Novice: 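My questions will all concern the structure given below.
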Amino acid sequence: MATPAEARVDLAAVRHNVALLKERAGGAELMGAVKADAYGHGLAPTSRAVLEGGASRLGTAFIGEALDLRAAGVTAPILSWLITPGEPLDEALAAGVELSAADVRLLDEIAAAARRAGRPAQVHLEADTGMSRGGAPLAAWPELLTRARELRAEGVVEVVGLWSHFACADIPGHPSIDRQLETYRTALKLAEQAGLAGSHVIRHLANSAAAMTLPDARFDLVRCGIAMYGLSPIPEQGDFGLRPAMTLVARIAQAKRVTESSGVSYGHLYVTDRETTLGLVPLGYADGILRHATGRAEVLAGGRRRVIAGRVCMDQFVIDMGDDPLAAGDEVVLFGPGDRGEPTAQEWADTLGTITHEIVTRIGARVPRVHQNVTQGISQRA
Ligand SMILES: *Cc1c(COP(=O)(O)O)cnc(C)c1O
C-alpha cells in the first residue's frame with residue numbers, strides 16, 4: 001500500500017452475498033443496485049462481481065451512472081430510475097438503458113427521444129404505493145397506464161416493468177408493509193386491465209430487507225443494494241450470513257511523543273492525561289469520516305481499539321497510542337468485516353446514529369478502491 005489510505009473491496013464477499021440473496025429470492029431475478037459508485041465500492045469492478053454472483057440486471061439512480069457502466073463495457077440490462085427534465089435520454093436509449101417513468105410528462109419526454117432514435121424505449125412504470133417519494137400515486141396511475149398504451153401503440157414505448165418501493169421494509173411488522181403490498185397488487189391489476197401486464201413484464205418491489213424477510217414481496221425480481229455489500233438490511237436481526245466487503249485502512253503519517261496536557265486538534269476537545277504517543281491518520285471529513293465521529297468512533301491500531309482523539313479535520317485525525325510501539329507507516333483499520341477485532345461499518349453507523357449505507361457511500365473519491373479477489377486471487381486498482 002503506497003497511498004495514505006485505501007478502501008479494500010473483497011469481491012469474493014460480494015459474490016458470496018449476491019449468491020446468498022439469490023437463494024433467498026427463490027426463483028426471482030436479482031437486480032443489483034449499484035448507484036452511488038456501487039455504494040462506494042467502485043462501480044465497474046463491483047458491478048462485474050455482482051453479475052458473476054448471480055444478478056441478471058443492474059439498477060442505478062441516474063442515467064449518468066448507467067452510461068458509466070456501458071463505457072466500462074458492462075452489457076447486462078440496466079435500469080435508471082431517477083430522471084429529471086432535459087437529461088440525455090437519447091444517449092440512454094442508444095446505450096440500451098431501461099428508464100423508469102412515474103408521470104406522463106417524463107413518459108412523453110422518453111417517447112420523444114425514442115421517436116428521434118427510431119427505436120422504442122424500454123420503460124418501467126413506477127407506482128407510488130405509499131412511500132410518497134418517486135412513483136405515480138394510485139390516483140394518477142390509470143392516466144399513466146393510458147398514456148403508456150397509446151405510446152406502445154405508436155411503437156415508441158415498450159412497458160417492460162411495473163415497480164414500486166417500500167418505505168419501511170427494514171422495520172419488520174410495520175403496518176405500512178402490508179398496505180404497500182396491497183396497493184402494489186391493485187396497481188398490477190390495473191396494469192393488467194390496461195393490457196400492460198403479462199409474462200414479458202417484470203414486477204419488482206423488494207429491496208434487500210424485503211428480499212430477506214418478505215417472500216410475498218419478491219414477485220419476478222428483487223432489487224438489492226446494501227446486502228450485496230455484506231451489510232445487514234435489518235441490523236436488529238443479525239447479519240443474515242452476509243460478509244462485509246469493504247475494509248477501510250490508512251497508514252499512520254506521523255507518530256510523535258507529546259507531553260501531558262497537550263491539547264489535540266481543533267478546539268482542543270481532547271487533552272492528553274499523560275506523556276503519550278499520538279498518531280496522525282490521513283483521512284478526514286473530506287474522505288467521509290464524519291466530523292461527528294470526533295471523540296466517538298473507534299479504529300484498530302496495533303491490535304487495539306482507539307477512539308478518535310479530538311476533532312476530525314478535513315484530511316486527518318489523531319489517535320492516542322499511549323506507549324504502544326506504533327510508528328509512521330503502520331496500518332490503522334477504521335472498519336472491516338471485524339475478523340481482526342476492527343470495528344465494522346455497522347458499529348460506525350450505530351456510533352454515529354446513521355445507517356451503514358451512509359458510512360460506505362460517503363467514502364470520498366480521494367480514497368482509492370482496491371479490489372481483491374477480482375476473479376481468483378488477483379487484486380486490482382480501480
Ligand atoms: C437503493 C435502492 C434499492 C436498494 O435498496 P437496499 O435497501 O440497499 O437494498 C432498491 N430500489 C431502489 C429504487 C433504490 O433506490
Side-chain angles (χ1 to χ4, degrees), residues 14 17-18 20-22 24-25 28-41 43 46-47 50 53-66 69 77-84 97-102 106 123-136 161-172 174 176-177 180 184 187 202-214 217-237 239-240 242 244-246 345-346 349 354-362:
V14 172
N17 297 327
V18 172
L20 192 148
L21 278 162
K22 191 81 177 59
R24 280 272 187 158
E29 265 189 85
L30 195 145
M31 176 186 287
V34 294
K35 61 200 182 189
D37 199 30
Y39 288 38
H41 290 65
L43 180 65
T46 307
S47 296
V50 163
S56 48
R57 299 168 169 270
L58 299 172
T60 67
F62 300 112
I63 288 173
E65 298 175 312
L69 280 167
I78 306 173
L79 167 66
S80 296
W81 53 66
L82 185 48
I83 303 166
T84 42
V97 176
E98 300 178 2
L99 303 173
S100 172
L106 178 56
V123 173
H124 294 240
L125 300 177
E126 182 189 5
D128 176 2
T129 55
M131 185 169 177
S132 309
R133 195 176 69 170
L162 298 165
W163 74 286
S164 188
H165 193 57
F166 276 120
C168 306
D170 58 339
I171 311 172
H174 194 282
S176 69
I177 293 172
Q180 282 202 256
Y184 183 61
I202 304 163
R203 303 164 300 165
H204 49 111
L205 175 63
N207 57 3
S208 294
M212 284 294 193
T213 59
L214 300 169
R218 287 170 194 156
F219 294 94
D220 303 316
L221 172 149
V222 295
R223 296 185 311 270
C224 296
I226 198 69
M228 298 196 309
Y229 308 104
L231 302 169
S232 178
I234 309 176
E236 301 75 21
Q237 292 194 1
D239 66 11
F240 296 92
L242 300 164
M246 185 191 287
Q346 187 64 55
T354 182
I355 56 176
T356 53
H357 303 63
E358 190 175 15
I359 299 298
V360 289
T361 56
R362 284 212 176 207

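Bear in mind the structure is a predicted one, so any value in this text is a computation, not a measurement. Just follow the structure's listing: the first ligand is 1, and inside any ligand the first atom is 1.
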Novice: So how far is it from R24 CZ to S208 OG, rounded to the nearest 0.5 Å?
Specialist: 11.5 Å
Novice: Show which atoms of ligand 1 fall inside a sub-4.0 Å distance from at least one heavy-atom site of Y39.
Specialist: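 Those qualifying, in numeric order: 1 (C), 4 (C), 5 (O), 6 (P), 8 (O).
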Novice: For ligand 1, which atoms have a heavy atom of I226 less than 4.0 angstrom away?
Specialist: 6 (P), 8 (O), 9 (O)
Novice: Just distances here: any N/O of A33 and N/O of ligand 1 closer than 3.5 Å?
Specialist: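 In this structure, A33 places no N or O atom under 3.5 Å from an N or O of ligand 1.
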Novice: Run the numbers for me: atoms of ligand 1, each under 4.0 Å from some heavy atom of K35, listed by number.
Specialist: 1 (C), 2 (C), 3 (C), 14 (C), 15 (O)
Novice: Starting from atom 9 (O) of ligand 1, which protein heavy atom do you reach first, and at what distance in Å?
Specialist: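 The closest heavy atom on the protein side is S208 OG, 2.5 Å.
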Novice: At less than 4.0 angstrom from any non-hydrogen atom of H357, what atoms of ligand 1 do you find?
Specialist: 7 (O), 8 (O)
Novice: Mind checking whether I63 and L99 have side chains closer than 4.5 Å, heavy atoms only?
Specialist: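 Heavy-atom side-chain distance check passes, below 4.5 Å.
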Novice: Numbering the atoms of ligand 1 from 1, which are under 4.0 Å from a heavy atom of H165?
Specialist: 10 (C), 11 (N), 12 (C), 13 (C), 14 (C)
Novice: What atoms in ligand 1 come closer than 4.0 Å to a heavy atom of N207?
Specialist: 5 (O), 7 (O), 9 (O)
Novice: So how far is it from R133 CZ to E126 CD, rounded to the nearest 0.5 Å?
Specialist: 8.0 Å
Novice: For ligand 1, which atoms, with element, lie under 4.0 Å from some heavy atom of W163?
Specialist: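 Selected atoms, number and element: 13 (C).
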Novice: Aromatic rings W163 and W81: how do their planes relate, parallel, tilted or perpendicular, breaks at 30° and 60°?
Specialist: tilted
Novice: Counting C-beta onward and ignoring hydrogens, is there a side-chain heavy-atom pair between M228 and H41 closer than 4.5 Å?
Specialist: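 No - every pair of side-chain heavy atoms lies 4.5 Å or more apart.
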Novice: Identify, for atom 11 (N) of ligand 1, the protein heavy atom at the shortest distance, and state residue, atom and that distance.
Specialist: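 For this ligand atom, the closest protein heavy atom is R223 NE, 2.8 Å.
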Novice: Is any side-chain heavy atom of M212 closer than 4.5 Å to one of L21?
Specialist: yes
Novice: Using modelled atom types only, decide if a donor and an acceptor are shared between the side chain of Q180 and the backbone of H165 within a distance under 3.5 Å.
Specialist: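 Answer holds: yes.
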